[in-house]
Amino acid sequence: MTESRMDPHEKVARLEQAIRARLEELAEVLRGRGLAVRIGTSALVAWNPAASATDDPRGQAMNPGLSQYVAIAPDGGSLNWYWCWTGPTRDAPLESEYMCPAEQIDRAATLIAKVLHVDEPGESRP
């Protein structure tokens with residue numbers, strides 16, 4: 001059955017399956033890079049556990065302070081990754097920015113890992 005003749009419920013089910021599969025793929029790669037990940041319906045949040053390792057009570061109160069929310073959404077017939085962050089006020093809607101196509105799992109993971117990177121003691125960045 002072609003996509004255009006498919007039952008609307010079947011189209012939605014296939015889209016949901018594709019979204020879930022991409023979320024799982026990205027989560028696996030991020031975990032392989034030492035990040036913690038929690039998956040939602042159409043997004044995930046990743047954080048760097050090393051950023052939370054502190055004896056400072058202020059840092060503990062903000063745990064996990066270094067995190068990134070990333071959504072996946074269809075646009076023009078393809079799925080894409082989007083950076084997400086809160087708006088300028090507490091009650092503002094989430095804002096988003098295009099990151100890359102959803103099939104570019106390694107690229108998305110590299111970008112996310114770069115944002116969540118914490119220098120280890122003695123480590124220098126180029």
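The CG atom of Leu116 lies 11.0 Å from the CH2 atom of Trp47; values are rounded to the nearest 0.5 Å. Lys114 contributes atom NZ, which lies 14.0 Å from atom CD of Gln68 (distance to the nearest 0.5 angstrom). Taking OH from Tyr69 and OG1 from Thr86, the interatomic distance works out to 11.5 Å, rounded to the nearest 0.5 Å. In this structure, Cys84 SG and Glu97 CD are separated by 10.5 Å, a value rounded to the nearest 0.5 Å.
Across all non-hydrogen atoms, the minimal contact from Leu35 to Pro49 is CA-CD, 4.2 Å. Considering every non-hydrogen atom in both Ser67 and Val45, the closest pair reads CB-CG2, 4.1 Å. Closest of all the heavy-atom pairs between Pro74 and Leu15 is CG-CD2, 4.1 Å. When all heavy atoms of Ser96 and Trp85 are compared, the pair lying nearest together is C-CH2, 3.9 Å. Leu79 approaches Ile19 most closely through the heavy-atom pair CD2-CG1, 3.8 Å. Taking every heavy atom of both residues into account, Leu44 and Ala27 meet most closely at CD2-N, 4.2 Å.
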**Prompt:** Can you check side-chain contact (heavy atoms from CB on, under 4.5 Å) on Leu26 and Val37, steps first, answer last?
**Reply:** CA-CA 9 Å; Leu26 181 55; Val37 180; over 6 Å; no

**Message:** Applying side-chain contact (heavy atoms from CB on, under 4.5 Å) to Trp81 and Leu23, what does each step give before you reach the verdict?
**Reply:** CA-CA 10 Å; Trp81 294 113; Leu23 286 166; 3.8 Å; yes

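For Pro88, the side-chain contact (heavy atoms from CB on, under 4.5 Å) partners are Ala92, Glu95, not counting sequence neighbours. Scanning for side-chain contact (heavy atoms from CB on, under 4.5 Å) contacts around Leu111 gives Trp83, Met99, Arg107, with sequence neighbours left out. For Glu16, there are no side-chain hydrogen bond (donor to acceptor under 3.5 Å, both in side chains) partners at least two apart in sequence or on another chain.
With hydrogens and angles ignored, the 3.5 Å screen pairs no side-chain donor or acceptor of Asn80 with any backbone N or O of Ala102.
Under the 4.5 Å side-chain contact rule for hydrophobic residues, Val12 and Ile72 do not share a cluster.
Clustering of Ile, Leu, Val, Met, Phe, Trp and Tyr by side-chain heavy atoms under 4.5 Å joins Tyr82 with Tyr98.
Applying the salt bridge (charged side-chain N to carboxylate O under 4.0 Å, His left out) rule to pairs touching residues 73-93 yields nothing, sequence neighbours excluded. Applying the salt bridge (charged side-chain N to carboxylate O under 4.0 Å, His left out) test to residues at least two apart or on different chains, the pairs with a partner in residues 22-39 are Arg20-Glu24, Arg22-Glu25.
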